[in-house]
Amino acid sequence: QLQAFGGGLVQAGGSLRLSCSASGRTISIYAMGWFRQAPGKEREFVSAINRSGGTTYYADSVKGRFTISRDNAKNTVYLQMNSLKPEDMATYHCAASRRLNIRVHGDEYDYWGQGTQVTVSS
């Protein structure tokens with residue numbers, strides 16, 4: 001089971017770090033991703049990281065502001081979010097894919113965690 005946490009209320013320009021921890025499952029065998037969904041909008045890919053952490057990928061909208069990382073020893077994936085904008089406001093979900101490489105489509109992920117809400121005030 002995956003659980004995302006670390007969301008909250010932050011002013012525009014601020015930072016948050018999201019964490020995604022896994023229980024009963026070793027994340028080292030999965031590529032991991034972060035997605036977000038704002039009210040009334042479709043789910044959107046944010047970032048992904050391969051099994052070892054050596055390769056990462058970002059949506060254009062967050063490139064240069066967000067950083068994904070993982071600590072397989074702690075069974076946790078992180079999303080450092082800097083320079084937050086009101087348009088980043090959404091519920092953020094982490095997901096795990098059994099596929100070998102980074103995936104950007106939600107239907108290529110096999111396990112999903114409960115989301116954590118990120119609110120950015122302008």
Among all residues two or more places apart in sequence or in another chain, which pass the side chain to side chain donor-acceptor pair (under 3.5 Å) test with Q80? N82
State yes or no: are the ring centers of Y111 and Y30 separated by less than 6.0 Å? yes
Got a sec, which residues hit side-chain contact (heavy atoms from CB on, under 4.5 Å) with S28, two or more places apart in sequence or on another chain? T26, N72
Report the relative orientation of the aromatic rings in F35 and Y109; use parallel for angles under 30°, tilted for 30 to 60°, perpendicular for over 60°. perpendicular
For N75 and I27, indicate whether the former's side chain and the latter's backbone hold a donor-acceptor pair under 3.5 Å. yes
List the atom of A90, the atom of A38, and the distance in Å for their closest heavy-atom pair. CB-N, 3.8 Å
Taking the side chain from R36 and the backbone from V46, do they hold a donor-acceptor pair closer than 3.5 Å? no
Does a side-chain N-to-carboxylate-O contact under 4.0 Å join K85 and D88? no
With R103 as the cation and W34 as the aromatic partner, state whether NZ or CZ is under 6.0 Å from the six-membered ring centre and within 45° of the axis. no
Determine whether a donor-acceptor pair (N or O, by modelled atom type, separation under 3.5 Å) exists between the side chain of S97 and the backbone of A31. no
Does the ring of Y78 carry R70 above it, NZ/CZ under 6.0 angstrom from centre and within 45° of its axis? no
Which heavy atom in I29 sits nearest to a heavy atom in R51, and how many Å separate them? O-NE, 3.1 Å
Classify the side-chain pair S23/Q1 by whether it contains a donor and acceptor separated by less than 3.5 Å. no
Answer yes or no: does atom CD of Q117 have more than 12 heavy-atom neighbours from other residues, nucleotides or ligands under 6.0 Å? yes
